[in-house]
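First listed ligand is number 1; within each ligand, the first listed atom is number 1.
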Amino acid sequence: MTETTKTPSLPPGPRWPMALSTLAWWTRPIPFMARMARRYGDMFTVRIAHEGNWVFVSHPDAIKQVFTADPRVAHAGEANRILLPVLGPKSVLLLDEAEHMRERKLMLPSLHGERVQRYGGLMTEIAQREIASWPVGQRFEVWPRMQAVTLEVILHAVFGIRDAQRLADLRRLLPQVLAWVSSFRQTFWLGLVGPERASRSRDLRATLAPVDRILIDEARRRREAPDLEEREDILSLLVQARHEDGSPMSEDELRDELMTLLVAGHETTATALAWAVERLVRHPDKLERLRAEVEAGEDAYLDAVTKETLRLRPALPIVLRRLTTDFEVGGHLLPAGTRVAPCIYLVHRRPDVYPQPQRFLPERFLERPAGTYTWIPFGGGVRRCLGAAFAVFEMKAVLRALVSMARLRPVDPAPELTRRRVIVHSPSRGGAVIADEIRREAPAAVPAEPAPAAA
Ligand code: HEM
């Protein structure tokens with residue numbers, strides 16, 4: 001890295017009109033980032049409409065500087081503001097500094113690694129039921145199937161809904177909310193009018209109102225539930241959590257955090273699972289090794305497959321921080337107001353960190369552990385994904401069930417391209433596969449998990 005410059009400066013980047021660089025980023029982010037990295041190296045500046053300068057960083061040392069920056073200097077909540085209309089103002093994703101830490105501390109214990117293991121049985125059961133419904137001998141897409149799995153997991157493990165009518169209502173209503181979040185039309189409009197005005201949109205309010213009613217009512221009832229202390233779902237834990245001053249979370253706060261867990265955890269995990277299948281069916285040797293190890297009750301290769309999928313096909317290509325003061329990154333003193341983007345996609349493809357970076361080689365994670373600043377599918381620092389343990393645990397439970405029950409092959413041997421769906425980057429053909437065999441009865445070989453705790 002170069003010497004620190006004394007006066008604020010931006011790394012080089014394309015001198016295109018702002019409209020053009022914004023369009024390139026929005027429409028073809030992956031080829032755009034790859035091209036910029038080839039041209040400018042580890043750091044480059046892109047001008048984005050309504051946002052100003054975005055500085056992409058992909059050197060592990062620079063990423064470390066951003067992730068370990070004082071939270072008063074690097075604001076992530078402000079950078080995520082576009083999600084305000086759906087998540088609501090109390091969402092942990094949108095807060096910064098002391099407010100953020102207060103909320104994060106409250107939520108951390110319920111998403112802790114050891115605790116999420118209690119959902120293993122439930123996740124396996126949901127995955128088995130879904131896989132048993134897949135057709136044999138005809139083309140289908142795994143991405144929507146994985147969305148069905150992750151939605152069901154959230155309804156049970158996160159929301160803890162038991163009432164059949166409510167479950168049916170939410171299964172119908174939540175996809176409408178999620179469709180709003182991932183609609184290009186809505187996002188474009190949001191970008192134009194800004195999140196505050198979009199929050200008042202009649203169309204959005206009409207989509208959210210029935211869901212909000214159910215969530216707030218559920219939170220209210222949960223407080224009074226006689227078995228509250230025995231319940232394991234995340235809402236029940238949040239209802240019992242207390243801020244440092246002893247106060248419980250308000251109903252609005254609970255609503256906003258439930259919506260946050262849904263939006264942050266649903267499509268991301270479904271997309272990561274769809275990519276795992278997309279990669280595995282194109283590498284039959286790796287798929288067979290995974291099947292053999294799962295059947296033998298081994299976990300190491302499954303873990304490596306999960307990590308390699310998240311490396312090569314991260315659901316999100318970057319994370320963002322907005323600088324509140326001038327701040328040094330990678331030898332540049334970046335001016336206040338700049339948005340810095342630790343680039344998940346680019347650091348995951350560095351040949352100096354990952355030899356043969358384009359290849360799907362789960363074995364690399366058997367040889368070397370994932371690095372804190374070189375394997376960053378869940379971001380990092382005090383903003384690292386709160387659901388990372390939950391997501392990895394769920395991915396492993398679903399893949400275990402899948403290799404034990406299904407024999408899949410790709411419809412087309414050519415790899416699927418990455419398609420941007422506003423937030424997540426999913427397989428372009430939805431992860432199209434054909435099942436040669438589906439075992440409708442869940443085999444005994446699926447390693448036993450603790451009994452479903454949250455349903
Ligand atoms: C494979 C699946 C997932 C991926 C790839 C993913 C990725 C991410 C990323 C990149 C961030 C931003 C981190 C940063 O700014 O440094 C994030 C934040 C977050 N994620 Fe996830 N996520 C996944 C699943 C989940 C799940 C299942 C949940 C909840 C059950 C969840 C809840 C959250 C929350 C609450 C935050 C905000 C953390 C904060 O601002 O302090 N995520 N996630």
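The atoms of ligand 1 that sit less than 4.0 Å from any heavy atom of Phe390 are 27 (C). Atoms of ligand 1 found under 4.0 Å from any heavy atom of Val92, numbered from 1 in the order shown, are 35 (C), 40 (O). With ligand atoms numbered from 1 in the order given, ligand 1 contributes 39 (C), 40 (O), 41 (O) to contacts under 4.0 Å with heavy atoms of His100. Less than 4.0 angstrom separates some heavy atom of Gly380 from each of these atoms of ligand 1: 16 (O).
Protein N/O/S atoms closer to atom 21 (Fe) of ligand 1 than 2.8 Å number 1 in this structure.
By the side-chain contact (heavy atoms from CB on, under 4.5 Å) test, Thr68 is found to be paired with Lys64, Tyr373, residues two or more places apart in sequence or in another chain being considered. Residues passing the side-chain contact (heavy atoms from CB on, under 4.5 Å) test with Ile214 are Arg166, Asp169, Leu170, Leu173, sequence neighbours excluded.
The aromatic rings of Phe56 and Trp54 sit tilted relative to each other, their planes meeting at an angle between 30° and 60°.
Ser247 and Asp245 are linked by a side-chain donor-acceptor pair at a separation below 3.5 angstrom, with hydrogens and angles left out of the test. For the residue pair Glu125 / His156, no side-chain donor-acceptor distance below 3.5 Å is found, with atom types taken as modelled. A donor-acceptor pair shorter than 3.5 Å cannot be found between the side chains of Ser426 and Trp275.
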Inset, instruction - For side chain to side chain contact (heavy atoms under 4.5 Å, CB included), just list the numbers for Arg255 and Leu208, CA-CA rounded to whole Å, side-chain angles, deciding distance to a tenth of an Å, and then say yes or no. - result: CA-CA 11 Å; Arg255 178 263 168 222; Leu208 284 175; 3.9 Å; yes
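Closest to atom 13 (C) of ligand 1 among all protein heavy atoms lies Arg383 O, 3.2 Å. In terms of protein heavy-atom proximity, atom 5 (C) of ligand 1 is closest to Pro377 O, 3.6 Å. At the shortest separation from atom 12 (C) of ligand 1 among protein heavy atoms lies Val319 CG1, 3.9 Å. In this structure, the protein non-hydrogen atom closest to atom 16 (O) of ligand 1 is Arg321 NH2, 2.7 Å. What sits closest to atom 9 (C) of ligand 1 on the protein, heavy atoms only, is Leu316 CD1, 3.8 Å.
Cation-pi geometry between Arg47 and Trp25 is not met at under 6.0 angstrom from the ring centre and within 45 degrees of the axis. A cation-pi arrangement is not found for Arg419 relative to Trp143, the charged atom failing to lie both closer than 6.0 Å to the ring centre and inside a 45° cone about the ring normal.
Residue pairs satisfying the side chain to side chain donor-acceptor pair (under 3.5 Å) criterion with at least one member in residues 360-369, sequence neighbours excluded, are listed as follows: Tyr301-Glu363, Glu308-Arg364.
Only the side chain of Arg104 comes within contact range of ligand 1, with a heavy atom under 4.0 Å; no backbone atom does. Counting heavy atoms closer than 4.0 Å to ligand 1, residue Met107 contributes nothing at all.
Among Thr271, Val153, Leu262, Leu261, the residue whose heavy atom sits closest to atom 29 (C) of ligand 1 is Leu261.
Each of His348, Arg311, Arg350 was scored for a side chain to side chain contact (heavy atoms under 4.5 Å, CB included) with Pro357, with one residue passing: Arg311.
Under the 4.0 Å criterion applied to side-chain N and carboxylate O atoms, Glu232 and Arg115 are assigned as salt-bridge partners.
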